[in-house]
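Heads up: the structure comes next, in structure tokens.
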Amino acid sequence: MTPRLRFAPSPTGPLHLGGARTALYNWAAARAMGGQFLLRIEDTDRARSTDESLQIILEGLRWLGVDWDEGPETGGDHGPYFQSQRLDLYAKYAEKLLDTGWAYKCYATPEEVAEGRERLQAEGKRPMYDRRHRDITDEQRAELEAEGRKASLRFRMPLDEVRQLDDLSKGVVEVNLQELDDWVLMRPDGMPTYNFACVVDDHEMGITHVVRGEEHLMNGFKQLVLFGALGLEAPRYAHIPLILGKNGKKLSKRDAVTNILDYRDQGYLPEAIFNYIAMLGWGFSGDQDLFTAEEMVERFQIKDIGSGGAKFDDEKLAWMAGDYVRRTPIADLVDRARPWLEQTVPSEAFDTHRGLIENVVSCYQERVKILSELPEKVAFAFTTGTLELDADAQKKLKKQEDAPQWLSAYADLLEKSDLPPSYPHDRAAADAAVRLPSDPEKPVSDAPCMTPAEIEQQCRAFAGEHGIKFGQLVHPIRASLSGTTKGAGLFDLVFLLGRETCVARLRRFGA
Ligand code: GLU
């Protein structure tokens with residue numbers, strides 16, 4: 001039998017972390033077993049289901065790289081993939097269950113159901129539907145109908161029977177079915193409940209394995225019994241522990257985003273989020289935390305999902321995000337960061353100054369975790385007007401009384417030096433020859449201008465000639481060139497900015 005797994009979200013809110021992890025594990029299991037992965041939309045709660053949520057869920061899955069073989073947009077042989085379009089099918093199954101006596105009509109109003117629960121509770125029993133219409137006579141039924149009451153359909157749960165569920169994650173779990181009530185299969189308006197529609201669809205869609213959160217464990221028992229009542233084989237279930245917050249408590253809004261797409265909007269790379277979510281409950285091997293989706297698929301087995309609650313740790317996520325940025329080839333990184341970079345880099349520069357952009361970004365590749373950090377960091381290289389200085393940079397400039405003289409003298413030197421031309425002049429040759437961040441040990445000999453290493457040698461010589469301590473020189477230069485005291489190596493900065501810009505910025509604070 002071909003393994004078939006599914007993700008079955010209700011479009012009543014965004015795709016959150018737990019949902020994304022469920023999708024990812026089912027996807028990885030299907031791919032690992034050479035089976036199919038389906039997407040089924042459980043939209044029978046008409047009041048709370050929205051198209052907006054659906055779109056956010058689909059987009060969230062696409063962003064993570066979780067693709068589906070059958071489902072919305074892709075179609076398939078087992079459709080429709082929206083439960084709201086499968087109502088006739090549920091009605092057919094309901095009919096069958098009524099015929100075989102596994103289902104019965106319950107005419108109790110919500111108030112009566114609540115009152116029954118309270119009574120049971122007062123008697124020290126488990127509060128649940130009190131089964132008041134489980135065994136009524138045809139006459140009683142006719143009377144209730146004559147009152148104009150609408151019936152819901154309830155499942156006749158076996159009483160006092162212990163059932164075992166051989167869970168792929170939890171092992172064998174036992175429940176006395178008496179603890180589960182005669183649950184509603186179909187509401188008076190003809191809408192199926194989750195457990196009912198889920199069983200019908202898991203069967204009709206040929207689902208073989210179901211990975212989902214452990215909050216569904218009791219539903220698993222209900223579904224198992226219903227499968228049996230229908231004479232059908234149930235899929236294998238794996239009910240996996242919830243994701244916990246750092247403090248070991250239930251994950252809250254303070255721990256993590258509630259919509260996976262917020263990570264996209266904050267500038268995280270999707271591979272990093274994929275990797276981090278996959279790791280929340282499943283280990284690749286030993287202590288290796290980083291793995292790609294392909295590597296995961298090669299090894300993934302449902303039974304290896306951990307049985308302890310995984311803790312969400314935003315610091316670890318940030319570390320992982322930074323690692324993915326560092327490992328992305330620079331050309332690819334620039335392409336992917338372009339929507340953010342365009343906040344400070346003119347869009348035409350992506351055609352005319354691609355090399356410069358790559359060089360500037362490469363200087364910050366080690367220093368950012370998310371793409372949205374880049375525009376502010378690279379802005380200095382593309383600012384053609386007056387550069388704004390942050391408070392630290394202003395302080396550094398004021399600290400050294402004779403800084404203006406050195407800055408002027410250094411500007412004179414650079415004016416006569418063979419530096420690359422400044423943006424927006426053409427500087428393609430220089431940027432192509434010198435790849436940054438530069439290694440001062442390895443000057444690029446055929447560069448058509450000075451390399452960062454040569455700029456450094458020249459600057460050291462300049463400091464020596466003027467009897468200035470090198471350390472005292474670099475801070476005011478950096479502040480006047482980049483407007484900050486942190487950032488890329490100083491001689492990479494000089495190289496990136498080129499002659500005209502360096503000279504103008506140094507003179508601005510010169511004597
Ligand atoms: N619609 C259910 C949910 O979102 C699906 C649970 C299941 O996988 O059976 O929780």
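Order of appearance sets the numbers: ligands from 1, and atoms from 1 within every ligand.
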Check E174 with R163, please: is the shortest side-chain N to carboxylate O separation under 4.0 Å?
no

Between D182 and Y104, do the side chains contain a donor N or O and an acceptor N or O under 3.5 Å apart?
yes

Which residues pass the salt bridge (Lys or Arg N to Asp or Glu O under 4.0 Å) test with E315, sequence neighbours left out?
K246

Look at R86 together with D43 and state whether they make a salt bridge at an N to O cut-off of under 4.0 Å.
no

Relative to ligand 1, is Y194 under 4.0 angstrom through side chain, backbone, both or neither, heavy atoms considered?
side chain

Taking distance alone, with N or O pairs closer than 3.5 Å, would you say E42 contacts ligand 1?
yes

Protein residue, atom and distance nearest to atom 10 (O) of ligand 1, heavy-atom basis:
H216 NE2, 2.9 Å

Considering the heavy atoms of C198, write down every atom of ligand 1 situated less than 4.0 Å from one of them.
9 (O)

What I want to know is whether A8 and ligand 1 share at least one N or O pair that is separated by under 3.5 angstrom.
yes

Do the ring planes of W282 and F300 sit parallel (below 30°), tilted (30 to 60°) or perpendicular (above 60°)?
tilted

Is the ring centre of F155 less than 6.0 Å from the ring centre of W102?
yes

Strictly under 4.0 Å, does any heavy atom of R6 approach an atom of ligand 1?
yes

Suppose I only count heavy atoms of R212 and a 4.0 Å limit; which atoms of ligand 1 are within that range?
7 (C), 8 (O), 9 (O)

